[in-house]
Structures are given as structure tokens and as C-alpha cells.
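Here is the structure we will look at, set down as C-alpha cells.
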Amino acid sequence: MNKDAFILPPTERPSWLEYPRSFCRIVDQRLVHITPWHIMEGERALRQFHGLAGRYPSRELFPFAYRQDNDDVACWAKGMGEKVFVIHDFASPGWEGDVTFDDVWSWFRSAVEETVGWD
């Protein structure tokens, strides 16, 4: 697994995005498939970022993980630091919902709990 596949260089990502150290540690430890959640490779994240911008023009979200059994994506939002927002992509604007976590580790703990119950 190539760590660089998950971390886009500064020239390829939004200027406001700095990958949290916690996210980099998850990638470094290769904890990228915690079924049903999966960390997105950078190119996929960038494509989804552009899709989110078109679907939710009032928000600036950068996705980093997706859930394989529905359209949920975990994102960072411009100006919100390390907070993680899980939204239901492809819902109508205003209906995408938000589950908010204080940081990547809080989201990750929840994702691990989901994998424990996954069959």
C-alpha cells in the first residue's frame, strides 16, 4: 500500500485542507479498510470533492472515507478544523444530514464499532 495514494499533495487539494495528523497515522498504519468504512484514495476523494461541490454548493466539504453499503461519506469542512461530518451524499441539498464528530479519532472509534457489528 502506498501512503501517497491516500494523501494528495498540496497542489492537488483545496488550499484550506491540511490532513489531520490522526488521519495520517491511520493511513500510516494501513487501517484503511474497516468494513463497512473505507478510506478513499486521494484521486477518488478529489473526484468526490468536485461532485459534492456541485451537489451542495453552499458547503465546502472534502471527503476522506465512504461507507460501502450506502451513500454516506465522512468529510472535513472548510473552516471547521478537524471536525468530521458524515453526510448522506446524493440527498437533496438540506436533506443530506450531518452526523458530526469532534475529530478523526472520534469518527474512527465509531467506524470500528460499526465494523464489530458488521456481518
Side-chain angles (χ1 to χ4, degrees):
M1 183 190 86
N2 180 2
K3 173 187 170 184
D4 293 336
F6 295 88
I7 309 288
L8 290 169
T11 57
E12 294 182 29
R13 63 184 187 237
S15 61
W16 56 266
L17 177 65
E18 285 294 326
Y19 288 100
R21 183 173 296 182
S22 51
F23 177 80
C24 295
R25 186 166 170 208
I26 288 167
V27 170
D28 284 342
Q29 293 183 10
R30 298 184 171 133
L31 301 172
V32 296
H33 299 293
I34 46 175
T35 304
W37 283 97
H38 304 276
I39 302 295
M40 292 181 192
E41 290 194 11
E43 291 302 316
R44 178 178 178 162
L46 195 56
R47 281 193 308 275
Q48 188 132 17
F49 164 70
H50 291 297
L52 290 169
R55 289 185 288 280
Y56 308 105
S58 66
R59 303 182 76 175
E60 291 192 57
L61 301 168
F62 191 87
F64 67 87
Y66 68 95
R67 190 175 159 122
Q68 73 183 44
D69 62 336
N70 60 36
D71 291 326
D72 287 356
V73 289
C75 308
W76 296 295
K78 182 179 181 179
M80 300 302 289
E82 293 188 24
K83 282 190 176 195
V84 173
F85 300 87
V86 175
I87 66 159
H88 190 72
D89 198 3
F90 301 103
S92 298
W95 293 94
E96 69 272 20
D98 271 335
V99 176
T100 306
F101 297 92
D102 289 335
D103 53 32
V104 173
W105 287 129
S106 298
W107 168 81
F108 189 77
R109 283 183 192 97
S110 176
V112 168
E113 285 297 320
E114 290 180 50
T115 201
V116 168
W118 184 260
D119 283 328

request  = For the pair Y56 (side chain) and D89 (backbone), establish whether a donor and an acceptor sit closer than 3.5 Å, ignoring hydrogens and angles.
outcome  = no
ask   = Where the side chain of N70 meets the backbone of D72, is there a donor-acceptor pair that is under 3.5 Å apart?
value = yes
message = Angle between ring planes, Y19 versus F23, binned at 30° and 60°: parallel, tilted or perpendicular?
response = parallel
request  = Return the orientation label for the W37 and W107 ring planes: parallel under 30°, perpendicular over 60°, tilted otherwise.
outcome  = perpendicular
Drop me the distance from [X]'s [atom1] to [Y]'s [atom2], to the nearest 0.5 angstrom.
X: L17; Y: L46; atom1: CG; atom2: CG; value: 10.5 Å
X: K83; Y: D102; atom1: NZ; atom2: CG; value: 6.0 Å
X: I34; Y: I39; atom1: CD1; atom2: CD1; value: 6.0 Å
X: R21; Y: D28; atom1: CZ; atom2: CG; value: 11.0 Å

Out of curiosity, does [Y] fall in the hydrophobic cluster containing [X] (side-chain heavy atoms, cut-off under 4.5 Å, transitive links)?
X: M80; Y: F64; value: no
X: L52; Y: F90; value: no
X: W105; Y: F85; value: no

Compare every heavy atom of [Y] with every heavy atom of [X], then report the nearest pair and how far apart it is.
X: I87; Y: G97; result: CG2-O, 3.4 Å
X: L8; Y: E12; result: CD2-OE1, 3.7 Å
X: Q68; Y: W118; result: NE2-CZ2, 3.5 Å
X: A77; Y: W16; result: C-CZ3, 3.7 Å

query = Does a salt bridge link E96 with R59, judged by any charged N lying under 4.0 Å from a carboxylate O?
reply = yes
task = Start with the C-alpha gap between F49 and M40, add the side-chain angles, then the distance that decides, and say whether side-chain contact (heavy atoms from CB on, under 4.5 Å) holds.
result = CA-CA 11 Å; F49 164 70; M40 292 181 192; over 6 Å; no
query = Does the side chain of E82 reach to within under 4.5 Å of the side chain of E18, using non-hydrogen atoms?
reply = no
request  = Indicate yes or no: at least one non-hydrogen side-chain atom of F6 is less than 4.5 angstrom from one of E41.
outcome  = yes
task = Take V73 and V86, measure what side-chain contact (heavy atoms from CB on, under 4.5 Å) needs, and give me the verdict at the end.
result = CA-CA 5 Å; V73 289; V86 175; over 6 Å; no
request  = Carefully, step by step, assess W76 and V84 under the rule side-chain contact (heavy atoms from CB on, under 4.5 Å).
outcome  = CA-CA 5 Å; W76 296 295; V84 173; 4.0 Å; yes
message = If you apply the rule side-chain contact (heavy atoms from CB on, under 4.5 Å), what do you find for S110 with E113, and how did you get there?
response = CA-CA 5 Å; S110 176; E113 285 297 320; 5.6 Å; no
R44 NZ/CZ over Y66 ring centroid, <6.0 Å and within 45° of normal = yes
